[in-house]
A.B. asks: 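Structure below; questions to follow.
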Amino acid sequence: MKVDIQDVPFDPCAATRDYESALPKGKHGGIVTFVGTMRDFNDGHDVSSMFLDHYPGMTERHILGVMEEAARLSNIMDAYVVHRVGDIKPSEPIVLVAVWAAHRADAFDACRYIINYLKERAPFWKRETTPQGKRWVEHNTADPAVEAIGRPTRFA
Amino acid sequence: MKVDIQDVPFDPCAATRDYESALPKGKHGGIVTFVGTMRDFNDGHDVSSMFLDHYPGMTERHILGVMEEAARLSNIMDAYVVHRVGDIKPSEPIVLVAVWAAHRADAFDACRYIINYLKERAPFWKRETTPQGKRWVEHNTADPAVEAIGRPTRFA
Amino acid sequence: MSVKIRYFASMRDRMGKAEDTVVLEGGSMTVANLWKKISGQSLPSNTLIAVNMEYTDGSAVVKNGDEVAFFPPVTGG
Amino acid sequence: MSVKIRYFASMRDRMGKAEDTVVLEGGSMTVANLWKKISGQSLPSNTLIAVNMEYTDGSAVVKNGDEVAFFPPVTGG
């Protein structure tokens with residue numbers, strides 16, 4: 001398992017493929033990836049660019065901690081996270097979470113767990129540039145499934 | 001929304017990127033993809049190659065039907081499915097399900113719904129080549145979440 | 001009436017053919033009766049049935065020009 | 001004792017600096033008391049606290065050489 005924090009744009013496809021090239025071939029049956037991209041609007045404002053602050057060291061430690069929890073809770077083979085920091089433009093990828101597993105249910109569960117708890121714990125802060133000026137984002141959109149362990153999915 | 005059924009290998013990264021290039025930029029916040037790859041073992045047997053039979057026409061109709069159901073049940077922007085047929089070798093991708101949404105919970109729910117019900121309904125049949133000869137696969141591994149609507153995820 | 005029959009996967013192996021067009025007396029018949037006419041056997045358990053590419057069961061009525069398919073449980077994805 | 005203090009995001013803007021090293025009398029002190037010493041204010045609501053990169057709260061005890069960080073709720077991913 002690995003975390004990359006970087007201040008230059010990345011290609012989620014290439015990143016996933018490069019990481020996968022080092023994994024054993026023919027062993028995993030499913031890969032689930034989540035890619036979060038920068039939108040050009042948020043809370044009703046147009047957003048032209050974003051700066052992403054972070055706490056070097058603490059960031060990596062807490063993302064790896066979340067990945068290890070996911071690996072304890074499910075039967076996954078590997079996981080890889082890439083997260084941008086610094087200046088980001090609309091439609092650029094911000095975060096990639098890729099999970100490899102023998103069975104897809106584990107890959108889905110672990111990928112969703114990792115992105116939900118990364119958003120809850122990893123020390124990143126977004127500052128958006130809007131027509132009204134710069135502003136720190138004060139809260140993230142929560143996944144309803146993160147509110148309580150065991151909450152039903154909205155549909156199977 | 002689109003379904004591609006093809007008898008030649010495909011690159012899930014390139015397929016996702018090509019489809020995404022036609023979508024509006026900066027509008028979606030999250031992309032969830034599932035890639036199912038061929039494993040070199042199944043039910044305790046080594047599998048050296050696989051032939052995937054299908055029912056042309058019915059396949060596309062039922063996959064699109066599942067995608068439309070997912071779009072009614074969640075708030076997604078677009079979805080794309082690619083499925084291999086014919087002869088497949090270990091570690092080659094068999095299926096890609098990609099879902100774009102403003103919020104990640106919708107993308108996760110819809111992606112999982114599409115792959116689960118695709119596996120349940122789309123007329124594909126796997127024939128594996130093992131050291132003991134060729135055999136038709138008789139059942140798929142089920143996602144526990146498909147057994148009942150509203151069944152809890154195993155963890156949030 | 002004329003009906004197109006299609007077989008897939010292990011059902012194709014069992015029947016020794018991928019498809020068939022059968023001409024039958026009368027204007028309609030249930031899928032169960034159609035199967036008896038063409039095979040003389042009972043339908044193997046777990047066989048899935050589609051008429052004009054929609055899932056159905058042995059009680060469905062088949063008419064002239066319909067396409068009827070018989071196949072085992074699906075295993076894609 | 002000597003403690004390194006770090007501020008992030010809106011807390012950095014509010015304090016007008018990214019970090020500080022403070023030297024204090026005594027061998028230990030709670031985070032809440034440390035904050036009072038360095039700011040003279042009460043800790044803004046919703047402020048998160050980390051000592052040596054682990055989340056904690058105002059009652060945590062800070063010792064010589066520790067790194068203490070103050071920041072708003074996180075908004076990454």
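All values below were derived from every heavy atom in this structure, side-chain atoms included, with hydrogens, water molecules and symmetry-related copies excluded.
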A.B. asks: Over 60° means perpendicular and under 30° means parallel, so classify the ring planes of C/F71 and C/F8, tilted if in between.
C.D. replies: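 Rings of C/F8 and C/F71: perpendicular, as their planes differ by over 60°.
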A.B. asks: Find the distance between CG (C/D20) and CD1 (C/I38) and round it off to the nearest 0.5 Å.
C.D. replies: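 Nearest 0.5 Å value for the CG-CD1 distance: 7.5 Å.
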A.B. asks: Using 30° and 60° as the class limits, which term best fits the ring planes of B/Y80 and B/Y19: parallel, tilted or perpendicular?
C.D. replies: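 Rings of B/Y80 and B/Y19: parallel, as their planes differ by under 30°.
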A.B. asks: Show the nearest heavy-atom pair for residues C/D66 and C/V61, with the distance to one decimal.
C.D. replies: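 In terms of heavy atoms, the two residues are closest at OD2-O, 4.2 Å.
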A.B. asks: Measure C/N46 against the heavy atoms of chain B and call it side chain, backbone, both or neither at under 4.5 Å.
C.D. replies: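 Interface part for C/N46: neither.
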A.B. asks: For B/H62, is it the side chain, the backbone, both, or neither that has a heavy atom closer than 4.5 Å to a heavy atom of chain C?
C.D. replies: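 Side chain only.
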A.B. asks: At a 4.5 Å cut-off on heavy atoms, which part of B/R61 comes close to chain C: side chain, backbone, both, or neither?
C.D. replies: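 Answer is side chain: those atoms of B/R61 sit under 4.5 Å from chain C.
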A.B. asks: When heavy-atom pairs shorter than 4.5 Å are enumerated against chain C, which of B/R135, B/H139, B/R121, B/R84 gives the highest number?
C.D. replies: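 The candidate making the most pairs under 4.5 Å is B/R121.
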A.B. asks: Going by the angle between their ring planes, with limits at 30° and 60°, are B/F124 and B/H54 parallel, tilted or perpendicular?
C.D. replies: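 The arrangement is parallel - the two ring planes meet at less than 30°.
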A.B. asks: Side chain, backbone, both or neither: which part of B/H83 has a heavy atom under 4.5 Å from chain C?
C.D. replies: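 Looking at B/H83, just its side chain touches chain C.
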